[in-house]
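Accompanying notes for the structure given below.
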Number of protein chains: 2
Amino acid sequence: MDVQQPRWLTDEEMQTWLALASVLIRLPAALDDQLQRDAGISHFEYQVLAMLSGAPERTLRMSTLAVFANGSLSRLSHVAGRLEKAGWVRRTPDPTDGRYTLAILTDAGWEKVVATAPGHVETVRALVFDPLTRPQQRQLGDIGRRIARTVDPGGSHLDSFSS
Amino acid sequence: MDVQQPRWLTDEEMQTWLALASVLIRLPAALDDQLQRDAGISHFEYQVLAMLSGAPERTLRMSTLAVFANGSLSRLSHVAGRLEKAGWVRRTPDPTDGRYTLAILTDAGWEKVVATAPGHVETVRALVFDPLTRPQQRQLGDIGRRIARTVDPGGSHLDSFSS
DNA sequence: TTGGCTCGGTTGACACTTCAAGCTAGGATG
DNA sequence: CATCCTAGCTTGAAGTGTCAACCGAGCCAA
């Protein structure tokens, strides 16, 4: 809308942007491929299971889980249906307030995460951390946080997430 | 498969990875939103048009274009169909070798790029470059290229692309 | 208690990507 | 030439995400 004098990209900026655009497309695809191949699930499904595995009681409200997993509530609802059918998750109304729905990781779901996490972490390490020097790894953290904060100023990306 | 001793992520690495994961999801979504809102096209469609606009004769083979736009040939074929119906692109068999198909940017397509590019560039600048210091911008280029090269070792991401 | 409001969650239709199969032009091989 | 093979591209079906409409539980006010 109404750009007076477009601040064009320099050659160097363009090279940077092309590299980033490539990463933006291909890195998620590579992670999806690995998970699909080794565990038969998508990256989003993995995030859902992983977030639940790290939550108290292995339980989260659907709306909270949607934020943690970086997805819309609608998307989560569809996916939760599939995960439920697979026996990894079950849903029940929150006993303390029937408006909420609790998503709970089953024992089978826990086993799935335990079986899947190491290979996935290994892939993240191989694709993201290993090619960088240690100072670059630290820089990437700062850079990532800055961009994330700019893209989504109301973002709550401060989950202590192990497992 | 078969991970002997998973090299777990340290807390700092986990923070970095969470920030990056967030960017990986939300930055493309933000770029898509801007283009959809202001120009009614997806980011992938924009990339197709933009790559053609920077090519000699505003023409590229479908297979080449697919690589430049970071997409599969099948996906490009579907999208090219839509862009063709919109009058921005036309396709003809390569006169010198009928096995290839040439995608050509029409005048209307050129106008579309000219009208859309400034706002898009402005968004990229606002979301990616502005929040970073100049050294970080340079670091991001190096980091992006390293990761891109690792994810896709056969990648030819060296297009001098202006416009 | 009744009606309306809010909001978490679900559902179904539509759009887009992927996957696998198929088509065709050109080259290679006999 | 005739046949096979390769490779670029297209096509249709199946799966997944998005969007908008809807449902229902709890809250509040009359």
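Below, read A as the first sequence line, B as the second, and so on, with proteins coming before strands; counting in each chain starts at 1. Computation of the quantities below employed the complete heavy-atom set of this structure, encompassing side-chain atoms and omitting hydrogens, waters and symmetry-equivalent molecules.
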Practice task
List the protein contact pattern of nucleotides 1-13 of chain D with one symbol per nucleotide (5' to 3'): B for base contact, S for sugar-phosphate-only contact, - for none; contact means a heavy-atom distance under 4.0 Å.
Solution key: -------SBSBB-

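Ionic pairing of A/R146 and A/D142 is present here: one or more N-O contacts between side-chain nitrogen and carboxylate oxygen are shorter than 4.0 angstrom. Note on A/D94 versus A/R61: salt bridge recorded, some NZ/NE/NH1/NH2 to OD/OE distance being below 4.0 Å.
In this structure, B/D32 places its CG atom 15 Å from P of D/dG17, rounding to the nearest Å. Put simply, CG on A/D97 is 9 Å from C1' on C/dG8, counting in whole angstrom units. The CD-P distance, from A/E84 to C/dG9, rounds to 13 Å in whole Å. A/D94 places its CG atom 10 Å from the P atom of D/dG26, with the value rounded to the nearest Å. Rounded to an integer number of Å, the gap from B/I41 CD1 to C/dC16 C1' is 15 Å. In this entry the distance linking CD1 of B/I25 with C1' of D/dT18 reads 15 Å, nearest Å. Rounded to an integer number of Å, the gap from B/F44 CZ to C/dT18 C1' is 13 Å. Rounding to whole angstrom units, CZ of residue B/R75 and P of C/dA15 are separated by 17 Å.
Residue contacts for B/S72: at a heavy-atom cut-off of 4.0 Å it reaches the sugar-phosphate backbone alone, with no base atom in range.
In this structure a side-chain-to-backbone donor-acceptor pair under 3.5 Å is missing from B/E84 to B/R90.
The CD1 atom of A/I41 sits 8.0 Å away from the CG atom of A/L83 when rounded to the nearest 0.5 Å. Within the model, atoms CD of B/E111 and OG of B/S53 stand 11.5 Å from one another, a figure rounded to the nearest 0.5 Å.
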Handout entry: side-chain contact (heavy atoms from CB on, under 4.5 Å) between A/R91 and A/M62, worked out
Key = CA-CA 9 Å; A/R91 282 176 290 184; A/M62 290 290 284; 4.0 Å; yes

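Bending across the helix from C/dT1-D/dA30 to C/dG30-D/dC1, expressed as the angle between its end axes from five pairs apiece, amounts to 0° (10° rounding).
Defined by atom type and a distance below 3.5 Å, a donor-acceptor pair is present between the side-chain atoms of B/Q34 and B/D38.
Scored by the ring-ring contact (aromatic ring centres under 6.0 Å, His included) test, B/H120 finds B/H43, B/Y46 as partners (sequence neighbours excluded).
The side-chain heavy atoms of A/V89 and A/I104, taken from C-beta on, include no pair separated by under 4.5 Å.
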